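Reminder, nothing fancy here: chain letters follow the sequence lines and each chain counts from 1. As the structure is a prediction and not an experimental result, all values here were calculated from the model. Side chains included, hydrogens not; waters and symmetry mates left out as well; all remaining heavy atoms used.
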Protein chains: 2
Amino acid sequence: MKISEVAQRVELPISTIRYYEKMGIITDEYILREQNNYRNYSSEILDYLQVVKNCLAVGFTINDIKSMISLKGISKEEQARIIKEKIAEIEAAQKNLENAKQTLYGLLQTDITCENGFGKYDRTVS
Amino acid sequence: MKISEVAQRVELPISTIRYYEKMGIITDEYILREQNNYRNYSSEILDYLQVVKNCLAVGFTINDIKSMISLKGISKEEQARIIKEKIAEIEAAQKNLENAKQTLYGLLQTDITCENGFGKYDRTVS
DNA sequence: GTAAACTATGAAGTATACTTTATAGCAAGA
DNA sequence: TCTTGCTATAAAGTATACTTCATAGTTTAC
C-alpha cells in the first residue's frame with residue numbers, strides 16, 4: 001500500500017512516516033520501491049507503527065525504539081537484558097501514571113481552589 | 001529552603017527548577033525572596049515538584065500542568081471537566097503502556113531475531 | 001492532454017523542554 | 001580578606017520529534 005493509505009490507517013501524517021524511515025525505525029523490510037520510486041508498504045507496517053506509537057506515547061524515544069529493533073543483531077542474553085530493562089522502565093512509568101492519576105482524583109474530591117497539590121498556598125518556610 | 005536543597009531533594013537540576021518558575025509552573029506561592037534576592041522555597045514545593053515530575057514523565061506537557069494549576073480560577077464544573085479529561089488521558093496512556101509491555105514480554109518469549117513485532121520481515125505487499 | 005492530486009528529496013523551520021554561558025552579586029570558611 | 005561556592009538574570013545553545021518548504025517527477029480524472 002502507498003504512503004497515504006498507511007498514514008490514514010495508522011493516523012499519522014505522511015511526513016512523520018517518512019521521518020521515521022529517515023530515523024531508521026521504519027526499515028527496508030517494510031518497504032518496496034516501485035518503478036516510479038514510490039514506497040510500497042507491506043501490511044505489517046500497520047501493526048508495527050501501532051507499537052511504535054504506543055512506545056512513543058509512553059515516553060520512549062526514537063533511539064529507544066531503534067535499540068529494540070536492533071535486538072536482531074545481538075546475543076540472546078543481551079536481548080533479554082535490554083528487554084527487561086525496557087520493561088522496568090515501563091513499570092516505572094506505570095507507577096508515575098498511577099501517582100498522577102491519584103493526584104488528579106484527589107483534586108476531584110477536595111476543594112481545588114485552595115488546599116491541594118496543585119496550587120496549594122502555604123507560606124511555611126523551612 | 002534554598003534552591004540547591006530543593007534541587008537535591010527532588011532530584012532535579014537547579015536550572016530546571018528556575019526554568020519551571022519561568023514557565024509558570026512554580027508560582028510565587030512556593031517562593032519568598034530574601035533580602036539578597038535568593039529564592040526561599042516553602043517545604044510544600046517538594047511534594048508539588050514530585051507531582052510535576054510524575055506528570056511530565058507520563059507525557060503531560062508544561063502547558064497541561066499550567067492548565068491544572070489554573071484550575072484555581074474557574075468554576076467547579078469546569079474544574080471537574082478538565083480533571084476528568086486529564087484522567088482519561090492518563091488511562092489512555094496506561095493502556096499504551098500495557099500494550100508496549102506486552103509487546104516486550106512477547107519479545108522475551110519468542111525468537112527475537114526473526115518473527116515478531118519489531119523487525120518482522122515479510123515482503124507481502126497489498 | 002492537461003490540471004489536480006499524489007509522490008519524492010533535501011533542507012530549513014518549529015515546538016517543547018531543558019542546559020549552558022556570560023556576567024555579576026552574596027556568603028561562609030581558612 | 002580572600003577564595004571558593006552559591007545565588008541571580010538574560011540570552012543563547014541543545015536535543016528530540018516533527019513539520020514545512022522548495023522543487024520536481026508521476027498518476028488520475030475529466
Side-chain angles (χ1 to χ4, degrees), chain A residues 1-26 28 30-42 45 48-69 86 89 93 96 100 125-126, chain B residues 1-28 30-42 45 48-69 89 93 96 100 125-126:
Chain A
M1 79 191 85
K2 285 194 283 187
I3 197 165
S4 58
E5 186 180 345
V6 175
Q8 192 187 329
R9 299 229 260 177
V10 299
E11 295 183 295
L12 281 176
I14 289 175
S15 60
T16 302
I17 295 171
R18 284 198 275 242
Y19 170 70
Y20 286 167
E21 181 182 338
K22 195 175 170 188
M23 291 299 99
I25 61 174
I26 295 178
D28 290 350
Y30 293 107
I31 316 174
L32 287 176
R33 290 286 185 147
E34 304 196 327
Q35 314 89 304
N36 54 17
N37 198 35
Y38 285 16
R39 292 168 181 84
N40 188 336
Y41 296 91
S42 79
I45 193 80
Y48 174 68
L49 283 179
Q50 198 52 58
V51 174
V52 168
K53 281 181 75 175
N54 285 340
C55 289
L56 290 174
V58 298
F60 286 106
T61 67
I62 285 182
N63 269 334
D64 287 335
I65 294 171
K66 273 178 87 168
S67 83
M68 288 189 262
I69 292 174
K86 295 295 174 192
E89 285 175 36
N96 281 333
V125 159
S126 57
Chain B
M1 80 192 87
K2 286 195 284 185
I3 196 165
S4 59
E5 186 180 345
V6 175
Q8 193 187 329
R9 299 228 260 176
V10 300
E11 295 184 294
L12 281 175
I14 290 176
S15 60
T16 302
I17 295 170
R18 285 198 274 244
Y19 171 70
Y20 286 169
E21 181 183 340
K22 193 176 170 189
M23 291 298 100
I25 62 175
I26 295 178
T27 59
D28 291 349
Y30 293 106
I31 317 174
L32 287 176
R33 291 287 186 146
E34 304 196 327
Q35 315 87 304
N36 54 19
N37 198 34
Y38 285 14
R39 292 169 181 84
N40 188 336
Y41 295 91
S42 79
I45 193 80
Y48 175 68
L49 283 179
Q50 199 52 59
V51 173
V52 167
K53 280 181 74 175
N54 285 340
C55 289
L56 290 174
V58 299
F60 286 106
T61 66
I62 286 183
N63 268 334
D64 288 336
I65 294 171
K66 274 179 86 169
S67 82
M68 288 189 262
I69 291 175
E89 284 175 37
N96 281 334
V125 160
S126 58

Determine yes or no for a side-chain-to-main-chain donor-acceptor pair under 3.5 angstrom, with Lys53(B) supplying the side chain and Val10(B) the backbone. yes
Could you check whether any side-chain N or O of Asn40(B) sits under 3.5 Å from a backbone N or O of Arg33(B), counting only pairs where one atom can act as donor and the other as acceptor? no
Spacing of [X] atom [atom1] relative to [N] atom [atom2], expressed in whole Å:
| X | N | atom1 | atom2 | result |
| --- | --- | --- | --- | --- |
| Arg39(A) | dA8(C) | CZ | C1' | 7 Å |
| Glu21(B) | dT9(D) | CD | P | 7 Å |
| Ile31(A) | dA8(C) | CD1 | P | 9 Å |
| Ile26(A) | dA8(C) | CD1 | P | 12 Å |
| Ile25(A) | dT16(D) | CD1 | P | 13 Å |
| Ile17(A) | dT7(C) | CD1 | C1' | 13 Å |
| Phe60(A) | dA17(D) | CZ | P | 12 Å |
| Met23(B) | dA11(D) | CE | C1' | 13 Å |

Residues in side chain to side chain contact (heavy atoms under 4.5 Å, CB included) contact with Ala7(A), at least two apart in sequence or another chain: Ile14(A), Ile17(A)
Just jot down the side chain to side chain contact (heavy atoms under 4.5 Å, CB included) partners of Tyr19(A), sequence neighbours excluded, or say none. Met23(A), Ile62(A)
Find which nucleotide of DNA chain D each of Gln35(A) and Ser4(B) is nearest to by heavy atoms, and output the residue with the more 5' nucleotide. Ser4(B)
Once you round to the nearest 0.5 Å, how far does [atom1] of [X] lie from [atom2] of [Y]?
| X | Y | atom1 | atom2 | value |
| --- | --- | --- | --- | --- |
| Thr16(B) | Lys22(B) | OG1 | NZ | 12.5 Å |
| Glu21(A) | Ile45(A) | CD | CD1 | 8.5 Å |
| Ile26(A) | Ile31(A) | CD1 | CD1 | 6.0 Å |
| Tyr38(B) | Ser4(B) | OH | OG | 10.0 Å |
| Ile25(A) | Tyr30(A) | CD1 | OH | 11.0 Å |

Close N or O pairs between protein and nucleotides 22-26 of chain D (under 3.5 Å):
from, atom 1, to, atom 2, distance (Å)
dG25(D), N2, Tyr38(A), OH, 2.9
dT26(D), O4', Tyr38(A), OH, 3.3

My understanding is that only residues two or more places apart in sequence, or in another chain, count here; which of them pass side-chain hydrogen bond (donor to acceptor under 3.5 Å, both in side chains) with Asp64(B)? Thr61(B), Lys86(B)
dC26(C) phosphate, OP1 or OP2, under 4.0 Å from Arg33(B) side-chain N/O: no
Could you give the angle between the helix axes at the two ends of the helix from dG1(C)-dC30(D) to dA30(C)-dT1(D), with five pairs per end, rounded to 10 degrees? 10°
Once each nucleotide of nucleotides 18-24 of chain C is scored for protein heavy atoms under 4.0 Å, what B/S/- sequence comes out, 5' to 3'? BBB----
With a 4.0 Å cut-off on heavy atoms, is Arg18(B) in touch with a base, just the backbone sugar-phosphate, or nothing at all? base
Using the rule side-chain contact (heavy atoms from CB on, under 4.5 Å), only one of Arg18(A), Met1(A), Lys2(A) pairs with Arg39(A); which is it? Arg18(A)
